[in-house]
Amino acid sequence: MIEMKNVIKKYANGVIAANGIDVKINQGEFVYVVGPSGAGKSTFIKMMHREEKPTQGTILINGVNLAKLKNSKVPLLRRNMGVVFQDFKLLPTLTVYENVAFALEVIEENPKLIKKRVMEVLGLVGLKHKARMLPTELSGGEQQRVSIARSIVNSPKLVIADEPTGNLDPETSWEIMNIFEEINNRGTTIVMATHNKEIVNTIRHRVIAIEGGRIVRDEQRGDYGYEG
Ligand code: ADP
Ligand code: ADP
C-alpha cells in the first residue's frame, strides 16, 4: 500500500533529512520507525501525509504518487488516512464529540450515521462518557485517545503516528498502545515513529531504523536497538 522509491528530502536550509529512502509497506502491517533525534523520522512520516513534499523520488500510497499530487487533492488523500501527533492537536473550543465528528461533518456525511460512528469510535477508545467535555478537561492520555478516535472515524486503511506516546507516562503509553494494537488487529496499517524502547521490545513488530536520512535497518519483529 505504501512504496517509497529513492526518496530525497532537502529542506530550504540545505539539510538532507531523507537521503535515498526505498521501502515497501503492505496492507495490515504494523511498523515502528526508530532512530536518534534528527535522524529523519518525522520527515519520513510527514512525507506520507504530504505535510512535506519530497525533493526527489516517488511516494506511492495506494497507487497515488504523493510527489506529484496537486495541493488541491491533499484533503482527499488525508481523508483516507489517520494521523496522530505527539501533541494531540485537538481543536480546543470543540467538545470531544465535535473533535471526532469534524472529519465526517466536512464531508457532509448523514447526521445519523455521524452520531453512530462517532459514538462507536469513542467506545473503542473508552471515552463515550466524556463526549461532552472539552479537551482541556481531559488528561493527556484521554486527549490522545480522542485524537486516535478522530484518526479512525473515517475508517482509514492507514494510520500514521509521530511519537504518539512521547508526552505520556509509561502506564498511559501502554494503554494507548493497546488501542493501536486493536486498530491494527482490525486490519488497519500502522506506521509509528517512536522513542519508546520498552514498547518496541515488548509488542514486537517490524522495525525500520533511520539514521542520517537513510534506512539502516529493516527487520520483521525487530528490536529497538538503541540505548533507552
Ligand atoms: P527526527 O524526527 O528523527 O528527529 P526530523 O525528520 O525531524 O528527525 O529531522 C531531520 C533533520 O531535518 C534534522 O536535521 C532537522 O533539524 C531537519 N529539519 C526538520 N524539519 C526541518 C525544516 N522544516 N527545515 C529545515 N530543517 C528541518
Ligand atoms: P449513549 O446512548 O451511548 O449514551 P448519547 O446519544 O446519549 O450516547 O450521547 C452521548 C454523548 O454524546 C452525550 O454526552 C452527547 O453530548 C454527545 N453527543 C451525542 N450526539 C451529539 C451531537 N450531535 N453533537 C454533540 N454531542 C453529541
Side-chain angles (χ1 to χ4, degrees), residues 2-25 29-61 65-71 74-75 77-78 81-90 140 143-144 147-148 151 158-170 172-173 176-177 180 189-201 203-220 222-228:
I2 303 172
E3 184 171 9
M4 294 197 185
K5 287 187 261 186
N6 192 27
V7 169
I8 295 175
K9 175 65 186 181
K10 186 175 179 181
Y11 284 111
N13 62 359
V15 170
I16 297 172
N19 195 2
I21 302 257
D22 287 292
V23 73
K24 271 189 199 180
I25 295 170
E29 282 197 85
F30 194 133
V31 180
Y32 294 120
V33 180
V34 305
S37 277
K41 302 182 296 296
S42 287
T43 301
F44 180 80
I45 296 281
K46 283 177 180 170
M47 289 191 295
M48 279 187 204
H49 59 106
R50 254 295 288 270
E51 180 70 25
E52 294 291 349
K53 239 182 178 175
T55 312
Q56 206 178 296
T58 307
I59 301 176
L60 295 171
I61 296 194
N65 185 0
L66 271 53
K68 297 235 166 98
L69 191 70
K70 290 200 181 103
N71 287 338
V74 170
L77 168 84
R78 292 194 187 144
M81 58 173 69
V83 187
V84 176
F85 303 93
Q86 179 171 3
D87 59 357
F88 324 134
K89 297 200 193 299
L90 298 172
Q143 290 183 58
Q144 192 58 297
S147 101
I148 294 170
S151 80
L158 169 65
V159 171
I160 58 186
D162 196 354
E163 301 258 8
T165 62
N167 283 347
L168 306 175
D169 62 61
T172 309
S173 298
I176 292 297
M177 284 307 298
F180 279 111
T189 309
I190 311 251
V191 180
M192 178 185 295
T194 185
H195 275 129
N196 198 315
K197 181 181 182 176
E198 285 281 295
I199 283 173
V200 173
N201 287 345
I203 309 177
R204 292 281 175 152
H205 290 296
R206 180 175 173 187
V207 174
I208 292 178
I210 298 182
E211 292 179 21
R214 295 177 196 271
I215 292 178
V216 295
R217 180 161 58 94
D218 183 350
E219 292 169 343
Q220 299 299 326
D223 64 12
Y224 184 74
Y226 299 96
E227 286 312 309

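When a residue number appears, it is its place in the shown sequence, counting from 1. As the structure lists them, so they are numbered: ligands from 1, and atoms in each ligand from 1. Here the structure is a predicted model, which means the values were calculated and not measured. The figures that follow rest on heavy atoms only: side chains count, while hydrogens, waters and symmetry mates do not.
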More than 12 heavy atoms of other groups within 6.0 Å of Arg214 CZ: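 It does not: Arg214 CZ has 12 such atoms or fewer within range.
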Can you list every pair where an N/O of ligand 1 is under 3.5 Å from an N/O on the protein?
unit_1: ligand 1; atom_1: 2 (O); unit_2: Ser42; atom_2: N; d: 2.8
unit_1: ligand 1; atom_1: 2 (O); unit_2: Ser42; atom_2: OG; d: 3.0
unit_1: ligand 1; atom_1: 3 (O); unit_2: Ala39; atom_2: N; d: 3.1
unit_1: ligand 1; atom_1: 3 (O); unit_2: Gly40; atom_2: N; d: 2.9
unit_1: ligand 1; atom_1: 3 (O); unit_2: Lys41; atom_2: N; d: 2.9
unit_1: ligand 1; atom_1: 3 (O); unit_2: Lys41; atom_2: NZ; d: 2.8
unit_1: ligand 1; atom_1: 4 (O); unit_2: Gly38; atom_2: N; d: 2.7
unit_1: ligand 1; atom_1: 6 (O); unit_2: Thr43; atom_2: N; d: 2.9
unit_1: ligand 1; atom_1: 6 (O); unit_2: Thr43; atom_2: OG1; d: 2.5
unit_1: ligand 1; atom_1: 8 (O); unit_2: Gly40; atom_2: N; d: 3.0
unit_1: ligand 1; atom_1: 26 (N); unit_2: Asn13; atom_2: ND2; d: 3.3

Hey, what's the ring geometry for His205 with Phe30, parallel, tilted or perpendicular (30° and 60° as the breaks)?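 Parallel, since the angle between the ring planes stays under 30°.
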Cation over ring face, Lys89 and Phe85, 6.0 Å, 45°: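 Relative to the ring axis of Phe85, which defines the angle, Lys89 lies inside both limits.
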Lys/Arg N to Asp/Glu carboxylate O, Glu219 vs Arg206, below 4.0 Å: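 Salt bridge between Glu219 and Arg206, a charged N being under 4.0 Å from a carboxylate O: no.
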Check this for me: does any side-chain nitrogen of one of Asp223 and Arg217 sit under 4.0 Å from a carboxylate oxygen of the other?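 Counted as a salt bridge, because a side-chain N and a carboxylate O are separated by less than 4.0 Å.
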Can you list the residues that meet the salt bridge (charged side-chain N to carboxylate O under 4.0 Å, His left out) rule with Lys10, with sequence neighbours excluded?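 For Lys10 there are no salt bridge (charged side-chain N to carboxylate O under 4.0 Å, His left out) partners, ignoring immediate neighbours.
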